[in-house]
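Remarks on the structure that follows.
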Amino acid sequence: MSNDGSTVLKLLALPISIILICLGVNTILGGHITPGGGFQGGAMISAGVILSLFVYGFDKNPIDFSPSFVSAVESFGALFYVFLGLVGLVFAGSFLYNVGGDFFGIVPPMIKAIFHYPDPTNAGIIPYLNMTVGLKVMVGLTAVAIAFSQFKTFEEEQEEGDDE
Amino acid sequence: MIVLGPIIFGFLLGLVVGSRIRNDAEVNIGLTSGAIVLLFIVSIIIAWKLGNFPYYNDFPVATGFISAFIGLVIGKLIFGRSKNTN
């Protein structure tokens, strides 16, 4: 966690992080037709951010997830997942009904067109669910790593405060 | 026919992460324009080796991967913050 890492490590960590993040996004987007999905892709994005965090340290981390960003993205992911579920409940009578795919033909065509993911597999809302889960996992796992990396600093600051 | 799903949403997801890349002198990471061009070429090679998803016959490369990279770089250039204010 220190900033005294080697130059080679500092030179290569950010490009590798960027490639890992892109690979994670690709995994999220192919979750409905290939192995992977929201959790796996989110974990890969998080791995990229954590690699950068460990090499550059918390203060100089170029990919900087602030607490407000983590909170906003995690809330958006959870709320959009529930929203997609409620759309199915309202228009088809079942929570998380695939309104974009509409295999039973019970959803109005306009709603189906809105939630239809533009690809040849007629996946409906499944890619959107993958994206919401991916966003949640991305910031959630990164927040855990940030918290673990800062416990020692927090304890030291607390001890200094107690001494004073 | 071009499959728009991974292109649009890959770009958006890349933009979200790219908006958090710091861009100040304190963090001297050396991500210059030359490095970005080099990374773009590397990302095209990786996307070509990955190939597109099954049933996606528009391009021989992983369009989600490339659009995520483009979104990440554009997010860094547009929203790259100078300091952590939170």
Side-chain angles (χ1 to χ4, degrees), chain A residues 7 10-11 13-34 36 41-42 45-46 48-49 52 55-73 76 116-123 127-128 130-131 134-135 138-139 142, chain B residues 1-24 26-31 35-36 38-40 42-43 45-47 50-58 61-73 75-76 80-81 83-86:
Chain A
T7 310
K10 286 185 177 177
L11 202 66
L14 186 62
I16 292 173
S17 294
I18 288 173
I19 297 294
L20 267 176
I21 289 166
C22 295
L23 208 55
V25 171
N26 199 49
T27 305
I28 290 175
L29 295 171
H32 57 295
I33 38 176
T34 55
I45 297 174
S46 182
V49 180
S52 178
V55 170
Y56 298 105
F58 178 71
D59 295 328
K60 293 186 176 179
N61 185 12
I63 307 173
D64 183 29
F65 282 9
S66 64
S68 59
F69 174 77
V70 169
S71 172
V73 171
F76 173 79
H116 180 75
Y117 182 70
D119 84 335
T121 60
N122 195 26
Y128 299 124
N130 277 330
M131 285 174 222
L135 285 173
M138 172 185 84
V139 291
T142 309
Chain B
M1 195 183 83
I2 295 174
V3 181
L4 290 174
I7 295 173
I8 296 169
F9 293 102
F11 181 82
L12 288 176
L13 289 172
L15 201 73
V16 169
V17 182
S19 67
R20 307 309 298 179
I21 296 182
R22 290 171 75 177
N23 200 18
D24 55 359
E26 184 193 341
V27 182
N28 187 18
I29 50 174
L31 197 65
I36 289 172
L38 188 69
L39 266 176
F40 183 65
V42 170
S43 75
I45 293 169
I46 293 173
L50 276 173
N52 218 340
F53 297 128
Y55 309 110
Y56 288 29
N57 300 318
D58 50 348
V61 297
T63 49
F65 189 94
I66 292 180
S67 59
F69 180 81
I70 293 169
L72 209 129
V73 170
K76 177 196 178 298
R81 296 151 322 111
K83 273 190 176 180
N84 182 6
T85 53
N86 295 308

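Keep in mind that the numbers below use all heavy atoms, side chains included, and drop hydrogens, waters and symmetry copies. Chain identifiers are assigned alphabetically (A, B, ...) following the order of the sequence lines, protein sequences preceding nucleic acid strands; residue numbering begins at 1 within each chain.
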Quiz item: chain A heavy atoms under 4.5 Å from Ile66(B): which part of the residue, side chain, backbone, both or neither?
Solution: neither

Practice problem: Please state whether the side chain, the backbone, both or neither of Val16(B) comes within less than 4.5 Å of a heavy atom of chain A. | Solution: both

Quiz item: What pairs with Thr34(A) under side chain to side chain contact (heavy atoms under 4.5 Å, CB included), at least two apart in sequence or on another chain?
Solution: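 Result, side chain to side chain contact (heavy atoms under 4.5 Å, CB included) vs Thr34(A): Phe53(B), Pro54(B).
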
Quiz item: Excluding sequence neighbours, so at least two apart, what forms side chain to side chain contact (heavy atoms under 4.5 Å, CB included) with Leu15(B)?
Solution: Phe11(B), Ile74(B), Phe79(B)

Exercise. Could you tell me which of Gly71(B), Gly64(B), Pro6(B) has the largest number of non-hydrogen atom pairs under 4.5 Å with chain A?
Key: Pro6(B)

To the nearest 0.5 Å, tell me how far [X] [atom1] sits from [Y] [atom2].
X: Asp64(A); Y: Arg20(B); atom1: CG; atom2: CZ; result: 6.5 Å
X: Asn26(A); Y: Ser43(B); atom1: CG; atom2: OG; result: 11.0 Å
X: Ile46(B); Y: Ile19(A); atom1: CD1; atom2: CD1; result: 4.0 Å
X: Phe65(B); Y: Ile21(A); atom1: CZ; atom2: CD1; result: 10.5 Å

Exercise. Look at Pro127(A), Pro15(A), Ala13(A) and state which one has the largest set of heavy-atom pairs under 4.5 Å with chain B.
Key: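 Ranked by contacts with chain B, first place is Pro15(A).
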
Self-check item: Which atom of Asp59(A) lies closest to which atom of Arg22(B), heavy atoms considered
Solution: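 Heavy-atom minimum between the residues: O-NH1, 2.8 Å.
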
Practice problem: Locate the shortest heavy-atom distance separating Tyr56(B) from Ile33(A); write the atom from each residue and the value. | Solution: CE1-CD1, 3.6 Å

